[in-house]
Each structure stands twice: as C-alpha cells, then as structure tokens.
2 protein chains.
Amino acid sequence: MTTTTRGFATIQQRDLVNQIADMLTEALLKGEFAPGMHLAEAQLARDFGVSRAPVREAARLLESRGMLVSQPRRGFFVRTFNAAELDDVYDLRLCLERHAVRLLAGKLTAEMEASLDAQLETMRRVARDGTAVQQIEEDVAFHRMLCEFSGNQRLVRVFDELCHEMRFCILLIGQLYDDPTQVAESHQPVMDALRTRDPDACEAAIDYHIGIAQQRVVEMFRERETS
Amino acid sequence: MTTTTRGFATIQQRDLVNQIADMLTEALLKGEFAPGMHLAEAQLARDFGVSRAPVREAARLLESRGMLVSQPRRGFFVRTFNAAELDDVYDLRLCLERHAVRLLAGKLTAEMEASLDAQLETMRRVARDGTAVQQIEEDVAFHRMLCEFSGNQRLVRVFDELCHEMRFCILLIGQLYDDPTQVAESHQPVMDALRTRDPDACEAAIDYHIGIAQQRVVEMFRERETS
DNA sequence: CATCCTCAAACTGTCGACACTCGACAGTCG
DNA sequence: CGACTGTCGAGTGTCGACAGTTTGAGGATG
C-alpha cells in the first residue's frame with residue numbers, strides 16, 4: 001500500500017505475492033543473487049516496500065519451483081546447481097519429450113502442425129533480431145507446444161518445472177548459442193519427423209536434438225563451475 | 001518410528017507447518033473433506049488451535065503437492081480429480097519408470113538387487129498380514145526404489161509428486177486389490193527382467209505392470225465418478 | 001415466479017509485533 | 001593456550017488485527 005520505490009505504481013492491490021515472485025525470479029535470472037546466498041525476509045520486505053508475509057509466500061513459491069531452498073529457522077537460500085543435477089534435469093526432460101513426441105506422432109492435427117510451423121518461424125525471426133533471452137524463450141515455447149499437444153497436461157506441468165531450472169542454469173552460464181540461426185534450424189528435423197507420423201523417427205529426432213543441447217549446456221556449466 | 005542415533009525421542013519442536021500439513025494430508029486421505037470443498041483458513045486455524053499463518057503455509061505446501069488448489073481471494077479447495085487427469089498421472093508415471101528401468105538395467109548392482117528382493121519379500125509379508133494402506137505403501141516403495149536406483153534424483157522428486165496424487169485417488173476409491181497376493185507377485189516379472197539387464201525386456205515388463213494398474217485404477221475411478 | 005439489488009457475514013490478503021532460536025563473539029576458567 | 005559459557009544481534013516462526021473482497025440470503029421489483 002505504501003509508495004513503490006519508483007514511478008510505475010501499477011495497481012499493487014492485486015496479488016503482491018505473484019509480483020514479488022516475478023521480481024525475485026527476474027533478479028535471480030539476472031544473477032543479482034549469488035548461488036547459495038541467504039535471502040533475509042525482512043530485508044526483501046523492506047526492498048519491496050511490503051511486509052514479510054507476501055515475501056515469505058513468494059519465496060515458498062520459488063522454493064517449490066526449485067529456485068530457492070529453505071532450512072528450518074534459517075530461512076531461504078539461492079539454489080545451487082551442480083553439473084550433475086543439471087544433467088539430471090536434461091535427462092528427465094528428454095524422457096518427457098520423448099514420450100510427448102511419441103504420443104504426438106499419433107495425433108498430430110493440421111492445426112498443431114500450423115502452430116508448430118509458426119513457432120519455428122518466430123524462432124527464425126528472433127534468431128535474426130532478438131535478444132538471447134527471447135531466443136531461449138521461443139525455443140522453450142516450441143518444446144512446450146510439443147508437450148501440450150501430447151495431450152498430457154500433467155506432463156506439461158512437470159516440463160514447466162524443469163524449464164524454470166534450465167532457464168536458471170542457462171542464464172547463469174550467460175549465452176547459450178554462438179550461432180543464433182541454429183536455434184531455429186536445429187528444430188527443423190524434429191518438425192520433419194513429426195510430419196512422418198512415425199513415433200520412432202520422432203523419438204530419434206528429439207533424442208538427437210536434446211542430446212546436443214544437454215551436452216552443450218552441461219559442458220558449459222561444468223566449465224563455469226571450475227572457475 | 002524415528003529415533004535419534006542416541007535413542008532420545010525426537011524433539012517435538014518441528015514446525016507447526018509440517019505437523020499441520022501432515023494432519024491435513026491424513027484428513028484428506030481419510031476422505032474427511034469432500035473433493036472440491038472449500039477449506040477456510042480461519043476455521044482450520046481454530047480447529048488446530050493455531051493462527052492462520054502456519055495453516056496458510058501448510059495449505060500452500062499441499063497445493064504444491066497437488067492435493068489442494070487455490071483461487072485468488074477465494075482460498076483453498078480440495079483438489080478434484082477426474083478420470084482423465086488420473087490417466088495422465090499414470091501415463092506420466094509410466095514414462096518415468098520406463099526411463100528408470102532402462103537406466104537401471106545398465107547399472108544394477110548386487111546391493112540394489114538385494115534391496116529390491118528384500119522389498120519384494122516385505123510386500124509378500126504385508127500381503128498376508130498387512131492393511132490395505134500398508135500394501136500400497138510397500139508397493140510404492142518398490143517403485144520408488146527403481147527410480148532411486150536409476151540415479152536421477154530429479155526423476156525421484158517427480159515420482160514422489162505423482163505418488164501423492166495417486167495415493168490420493170486410490171484412497172478415494174477405497175480398496176485397490178481384491179487379491180492382495182498379486183501385489184507382490186505382479187512385481188516379480190519386473191524383477192526378473194531387471195536381472196537380465198536387458199533394457200528392452202525391462203521396459204516391456206514395467207509397461208505391462210503399470211499398464212495393468214493404470215487400467216484397473218482408472219476404471220475403478222471412473223465408476224466412482226458416475227455415482 | 002424469476003431477476004435484480006442490497007447488505008451483512010465470512011473470508012482472504014496484508015501488516016506490524018513479539019517470542020524464540022541460531023550463530024558469532026568475547027570473556028572466563030582450567 | 002584452549003575449551004567452555006554467557007551475551008548480543010540478526011532473523012525466523014507465529015500471532016492477532018485490519019481492510020477490502022466475495023458470497024449468499026433475503027427483500028424489492030418487474
């Protein structure tokens with residue numbers, strides 16, 4: 001209710017928790033908090049100009065997303081990842097998307113195909129004139145579509161959770177792609193495989209695609225770790 | 001139940017939040033709250049003899065476990081499942097365990113084998129003289145071992161989440177098995193397949209095993225739905 | 001008889017306050 | 001000199017209160 005720190009006082013009456021969670025997320029992704037760092041509720045509350053209650057809830061939310069961890073009576077800490085954990089995340093993601101494309105192969109409609117094609121087009125666009133963050137977002141969006149179109153909503157939820165963690169790690173290592181055009185083009189084989197409607201071909205394509213990404217990201221993360 | 005290494009009783013100072021979460025979970029599994037029912041924070045706080053803050057946190061915890069859902073400014077409601085959602089949960093579980101046994105096939109150690117065999121034995125025991133709840137718990141424990149031994153900790157976490165939901169649904173439909181001895185025996189083929197170390201055989205065995213359970217549970221749930 | 005409006009009760013979101021715990025640091029005693 | 005103890009500040013866990021919102025009952029209206 002008190003004044004915001006800056007001019008953008010868009011009606012705060014609506015859901016402080018989500019706003020705080022978003023701001024915290026952004027700060028985390030920007031690397032403003034060092035991994036393992038302790039986040040004091042009172043301090044954050046002062047920074048945001050609110051009481052501790054919504055801060056606490058927002059922190060719990062981020063905890064459930066795996067971006068923070070909490071210890072009883074000690075509070076919240078920025079989640080630390082090691083390369084092995086990141087590898088697990090990618091491994092699980094591969095497991096999910098494999099399943100998704102197999103399901104999708106048997107039910108791909110013209111609308112889905114059009115949506116995916118459109119998304120590929122978007123990716124090509126941001127590859128030319130988009131920020132690294134945008135490129136990652138559109139990349140994720142394509143994969144999320146695959147999960148959504150699989151028809152298993154529960155799978156999408158888990159995928160979203162994993163995405164939070166992957167984003168977190170990717171933003172930590174800085175940039176992901178050295179040639180942005182690859183972002184879009186590396187997805188084309190997946191799209192082509194889907195069009196064949198052959199589950200095995202789809203699985204192979206996604207296997208290859210994610211395997212590459214996994215190798216790259218985990219490797220870069222491992223390098224960052226030893227510095 | 002849990003004893004400290006020195007034999008002292010565990011100090012009952014664990015936060016209220018966890019205690020409340022446990023009680024709420026128990027109440028939910030006992031079916032004391034109807035699906036879709038609104039849970040008023042103040043009322044629960046009175047019931048537990050605490051303030052709303054810990055109740056709120058406990059509720060958020062259960063929300064993250066998928067047992068409650070919340071709507072802004074309206075509060076918490078008991079999660080309702082429909083057969084399709086439950087089917088999704090089983091589908092995803094199958095996806096996870098398939099992956100787990102494939103990984104496990106390539107790394108099964110003698111210790112793991114012994115643990116799994118021991119768990120099968122426990123299952124046989126509770127099949128004879130255990131409650132339905134115990135039988136389910138030991139059943140789950142076996143599958144959890146498969147996930148743990150796969151080596152992917154992140155996978156285990158997702159499995160745990162799914163388990164909460166499956167337990168919830170299973171307890172809703174009352175009893176799961178009509179012949180308790182099947183509980184243990186239906187797992188034997190999975191164990192046998194693992195011993196061959198053949199990923200394909202393992203996948204096939206778990207496919208069959210979970211497929212049966214899925215069919216059964218979802219079917220029973222669907223019946224309950226239309227009543 | 002159905003519909004809309006009013007209003008009070010109930011409830012959630014948020015706040016500030018207090019008690020208790022944890023960790024650090026310094027002082028004390030062997 | 002080292003181990004133990006008391007104290008202090010920082011921070012979390014919990015509480016009661018207030019304000020604004022939602023809900024549902026009941027009356028007014030067409």
Side-chain angles (χ1 to χ4, degrees), chain A residues 1-5 8-25 27-28 32-64 67-80, chain B residues 4 8-25 27-28 32-64 67-80:
Chain A
M1 243 321 118
T2 49
T3 72
T4 56
T5 48
F8 353 59
T10 46
I11 310 100
Q12 289 215 324
Q13 195 57 345
R14 200 165 47 195
D15 213 1
L16 281 182
V17 175
N18 283 331
Q19 290 184 43
I20 295 171
D22 287 348
M23 289 201 242
L24 278 179
T25 302
L28 281 167
E32 288 177 20
F33 301 122
M37 176 179 165
H38 180 227
L39 296 185
E41 294 173 11
Q43 182 59 51
L44 292 175
R46 272 194 297 277
D47 293 346
F48 290 125
V50 298
S51 76
R52 277 174 51 214
V55 170
R56 209 178 154 83
E57 281 204 37
R60 287 259 178 259
L61 192 61
L62 295 199
E63 185 186 16
S64 77
M67 303 181 68
L68 299 180
V69 295
S70 73
Q71 293 178 29
R73 294 249 163 232
R74 307 217 29 232
F76 294 93
F77 300 82
V78 179
R79 162 82 180 272
T80 62
Chain B
T4 60
F8 292 123
T10 46
I11 298 175
Q12 186 61 19
Q13 210 166 12
R14 227 171 79 224
D15 2 16
L16 284 180
V17 174
N18 283 330
Q19 292 185 47
I20 294 171
D22 287 348
M23 290 201 244
L24 278 179
T25 302
L28 281 166
E32 288 177 20
F33 301 122
M37 177 179 164
H38 175 78
L39 296 185
E41 294 173 12
Q43 183 59 50
L44 292 175
R46 273 193 296 275
D47 293 346
F48 289 125
V50 298
S51 76
R52 280 172 50 213
V55 170
R56 208 177 155 82
E57 280 204 36
R60 287 258 178 260
L61 192 61
L62 295 200
E63 184 186 18
S64 77
M67 302 181 69
L68 299 180
V69 294
S70 73
Q71 293 178 29
R73 296 233 163 249
R74 303 208 38 224
F76 294 93
F77 300 81
V78 179
R79 163 82 181 272
T80 63

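The chains referred to below are lettered A, B, ... by the order of the sequence lines, with proteins before strands, and numbering in each begins at 1.
The side-chain hydrogen bond (donor to acceptor under 3.5 Å, both in side chains) check on A/Q43 picks up A/R46, A/D47, with sequence neighbours excluded. Partners of A/N18 under the side-chain contact (heavy atoms from CB on, under 4.5 Å) rule, at least two apart in sequence or in another chain, are A/D15, A/L61. By the salt bridge (Lys or Arg N to Asp or Glu O under 4.0 Å) test, B/R52 is found to be paired with B/E41, residues two or more places apart in sequence or in another chain being considered. Legend: residues meeting side-chain contact (heavy atoms from CB on, under 4.5 Å) with A/S51, ordered by chain and number and at least two apart, are A/A53, A/P54. Taking the salt bridge (Lys or Arg N to Asp or Glu O under 4.0 Å) definition, one finds that B/E63 meets it with B/R60, sequence neighbours left out. The ring pair (Phe, Tyr, Trp, His ring centres under 6.0 Å) test applied to A/F77 returns A/H38, not counting sequence neighbours. Residues forming a side-chain hydrogen bond (donor to acceptor under 3.5 Å, both in side chains) with A/R73 (at least two apart in sequence, or on another chain): none.
Rounded to whole Å, atom P of D/dG16 lies 12 Å from atom CZ of B/R46. Distance CD (A/E41) to P (C/dC18): 18 Å, rounded to an integer number of Å. Atom P of nucleotide D/dC15 and atom CG of B/L44 are separated by 14 Å, given to the nearest angstrom. One can place CG of B/L39 at 18 Å from P of C/dA10, the figure rounded to the nearest angstrom. Computed from coordinates, the A/F76 CZ to D/dT12 P distance equals 9 Å when rounded to whole Å. As rounded to whole Å, 13 Å separates atom C1' of D/dT14 from atom CD of B/Q19. B/Q43 has its CD atom 18 Å from the P atom of C/dA9, to the nearest Å. If you take CD of B/E63 and P of C/dT12, they are 13 Å apart, rounded to a whole angstrom.
Counting only heavy atoms from C-beta on, B/S51 has its side chain closest to D/dC15 among C/dC11, D/dC15, C/dC15. Distance from the side chain of A/A40 is smallest to D/dG11 among C/dC15, D/dC15, D/dG11.
Rounded to the nearest 0.5 Å, atoms CE (A/M37) and CG (A/L28) are 9.5 Å apart. Of the inter-residue distances, the one linking A/L44 atom CG with A/L24 atom CG reads 6.0 Å to the nearest 0.5 angstrom.
Residue B/I20 is out of contact with every strand shown, counting any heavy-atom pair closer than 4.0 Å.
OP1 or OP2 of C/dT12 has at least one side-chain nitrogen or oxygen of B/H38 nearer than 4.0 Å.
Shown here for B/A58 and B/I20, the closest heavy-atom pair between the two residues is CB-CG2, 3.6 Å. Heavy atoms only, all atoms of each residue included: B/S64 and A/S64 are closest at CB-CB, 4.1 Å.
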N/O-N/O pairs, protein side and nucleotides 22-24 of chain D side, under 3.5 Å:
{"residue": "D/dT23", "atom": "OP1", "partner": "B/R74", "partner atom": "NE", "Å": "2.6"}
{"residue": "D/dT23", "atom": "OP1", "partner": "B/R74", "partner atom": "NH2", "Å": "3.3"}

Identify the pairs formed between an N or O of the protein and an N or O of nucleotides 5-7 of chain D at a distance under 3.5 Å, and give each distance.
none

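Of the residues in residues 52-62 of chain B, B/R52, B/A53, B/P54 come within less than 4.0 Å of DNA chain D through at least one heavy atom, sorted by number.
Each of B/V17, B/L62, B/L16 was checked for a side-chain contact (heavy atoms from CB on, under 4.5 Å) with B/E57, and the lone residue meeting it is B/V17.
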